[in-house]
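Count residues from 1 along the sequence.
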Amino acid sequence: MSKYLDFWKKMGVFNATATRSQYWIPTIANYFLLAIYYALTNQAQYVVNETYQMHLTLNSIMFVIITALLWLANFTVRARRLHDINKSNWWMLIEFVPLIGIIWLFILMLTASKPSRWTINQADIN
């Protein structure tokens with residue numbers, strides 16, 4: 001639970017590191033929580049059917065806000081995870097290479113931690 005809370009507390013932090021568990025635990029938890037939210041509020045219809053004509057309701061507004069917050073938090077934790085393996089944030093752009101990019105980024109997220117230049121800043125964040 002502490003790793004999940006750290007995920008949200010460090011939502012705007014780029015210049016630090018995140019271990020594998022600090023990345024994967026919140027990422028997997030968010031997929032489950034988002035799936036439950038989509039199912040309970042019937043927001044999954046916009047994702048599954050690819051009908052991007054949302055009606056302006058409280059559920060649709062919450063859907064956009066939650067999705068945007070999750071995207072931002074996931075973006076920053078991915079950047080911190082890349083720092084933990086001593087890679088630059090620019091490695092996230094490899095995701096745009098069709099098929100190979102997504103697989104390569106997934107492998108990078110699984111890579112073990114390496115000493116990096118960002119570990120010094122970790123104490124400043126806690």
Side-chain angles (χ1 to χ4, degrees):
M1 189 66 170
S2 66
K3 293 189 187 333
Y4 191 72
L5 292 175
D6 282 345
F7 172 78
W8 290 108
K9 287 179 188 175
K10 298 177 182 177
M11 188 165 108
V13 177
F14 284 94
N15 61 344
T17 62
T19 63
R20 282 189 282 195
S21 61
Q22 288 174 329
Y23 174 78
W24 284 108
I25 290 172
T27 299
I28 293 169
N30 285 334
Y31 279 121
F32 282 121
L33 292 174
L34 209 54
I36 291 168
Y37 175 76
Y38 286 169
L40 291 177
T41 61
N42 200 24
Q43 296 299 312
Q45 66 182 339
Y46 302 114
V47 177
V48 174
N49 298 332
E50 297 182 12
T51 57
Y52 299 110
Q53 299 173 346
M54 296 175 69
H55 302 288
L56 191 59
T57 63
L58 181 62
N59 280 339
S60 63
I61 293 169
M62 290 300 296
F63 169 76
V64 169
I65 291 170
I66 289 171
T67 304
L69 287 174
L70 279 173
W71 181 86
L72 177 64
N74 197 32
F75 183 78
T76 58
V77 77
R78 192 178 290 173
R80 292 192 311 269
R81 180 71 195 120
L82 286 169
H83 290 167
D84 191 53
I85 61 173
N86 207 16
K87 300 280 186 203
S88 171
N89 291 351
W90 291 101
W91 275 95
M92 280 192 271
L93 294 177
I94 198 157
E95 191 173 19
F96 293 114
V97 175
L99 188 62
I100 296 170
I102 294 171
I103 294 169
W104 189 256
L105 189 61
F106 180 76
I107 291 169
L108 286 175
M109 295 296 120
L110 291 173
T111 306
S113 299
K114 297 177 184 171
S116 69
R117 61 182 183 248
W118 287 279
T119 55
I120 297 168
N121 295 334
Q122 189 71 26
D124 296 336
I125 295 166
N126 295 329

With side chain to side chain contact (heavy atoms under 4.5 Å, CB included) as the test, pick out the partner of Met109 among Thr111, Ile107, Leu105. Leu105
Kindly give the heavy-atom pair with the smallest separation between Ala79 and Asn89, and that separation in Å. CB-OD1, 3.3 Å
What pair of heavy atoms forms the shortest contact from Leu72 to Met11, and how long is it? CD2-CE, 3.8 Å
Supply the atom-to-atom distance Asp84 CG to Thr19 OG1, rounded to the nearest 0.5 angstrom. 6.5 Å
How close do Ile102 and Glu95 get, counting heavy atoms only, and between which atoms? CG1-O, 3.9 Å
Could you tell me whether Trp104 atom CH2 has more than 12 heavy atoms of other residues or ligands within 6.0 Å of it? no
Rounded to the nearest 0.5 angstrom, the NZ-CZ distance for Lys87 and Arg81 is 11.5 Å
Are Val77 and Phe106 in one and the same hydrophobic cluster, where Ile, Leu, Val, Met, Phe, Trp and Tyr link if side-chain heavy atoms are under 4.5 Å apart? yes
Same cluster for Ile25 and Phe32 if Ile/Leu/Val/Met/Phe/Trp/Tyr side chains link at under 4.5 Å? no
How about Tyr4: does its OH atom have over 12 heavy atoms from other parts shown lying under 6.0 Å from it? yes
Specify the closest pair of heavy atoms between His83 and Ala16, including all atoms of both residues, with the distance to one decimal. ND1-O, 3.0 Å
Search all heavy atoms of Met92 against all heavy atoms of Leu82 and return the closest pair with its distance. CG-CD1, 3.6 Å
Salt bridge check, Lys3 against Asp6: does any charged N sit closer than 4.0 Å to a carboxylate O? no
Heavy-atom side-chain contact between Val13 and Thr76 under 4.5 Å: no
Crowding at CG, Leu5 (>12 non-hydrogen neighbours, <6.0 Å): yes
All heavy atoms of Lys114 vs all of Ile85, minimum pair found to be CD-O, 3.7 Å
Is there a path of hydrophobic side-chain contacts, each under 4.5 Å between heavy atoms of I/L/V/M/F/W/Y residues, joining Trp8 to Tyr31? no
Same cluster or not: are Ile65 and Leu58 linked, directly or through other Ile, Leu, Val, Met, Phe, Trp or Tyr residues, by side-chain heavy atoms under 4.5 angstrom apart? yes
Rounding to 0.5 Å, atoms CG (Leu108) and OH (Tyr23) come to a distance of 10.5 Å
With sequence neighbours left out, the residues meeting side chain to side chain contact (heavy atoms under 4.5 Å, CB included) with Ile66 are Leu34, Tyr37, Met62, Leu70
Kindly state whether the ring of Trp24 and the ring of Phe7 have centres lying under 6.0 angstrom apart. no
Side-chain (Arg80) to main-chain (Gln22) donor-acceptor, under 3.5 angstrom: no
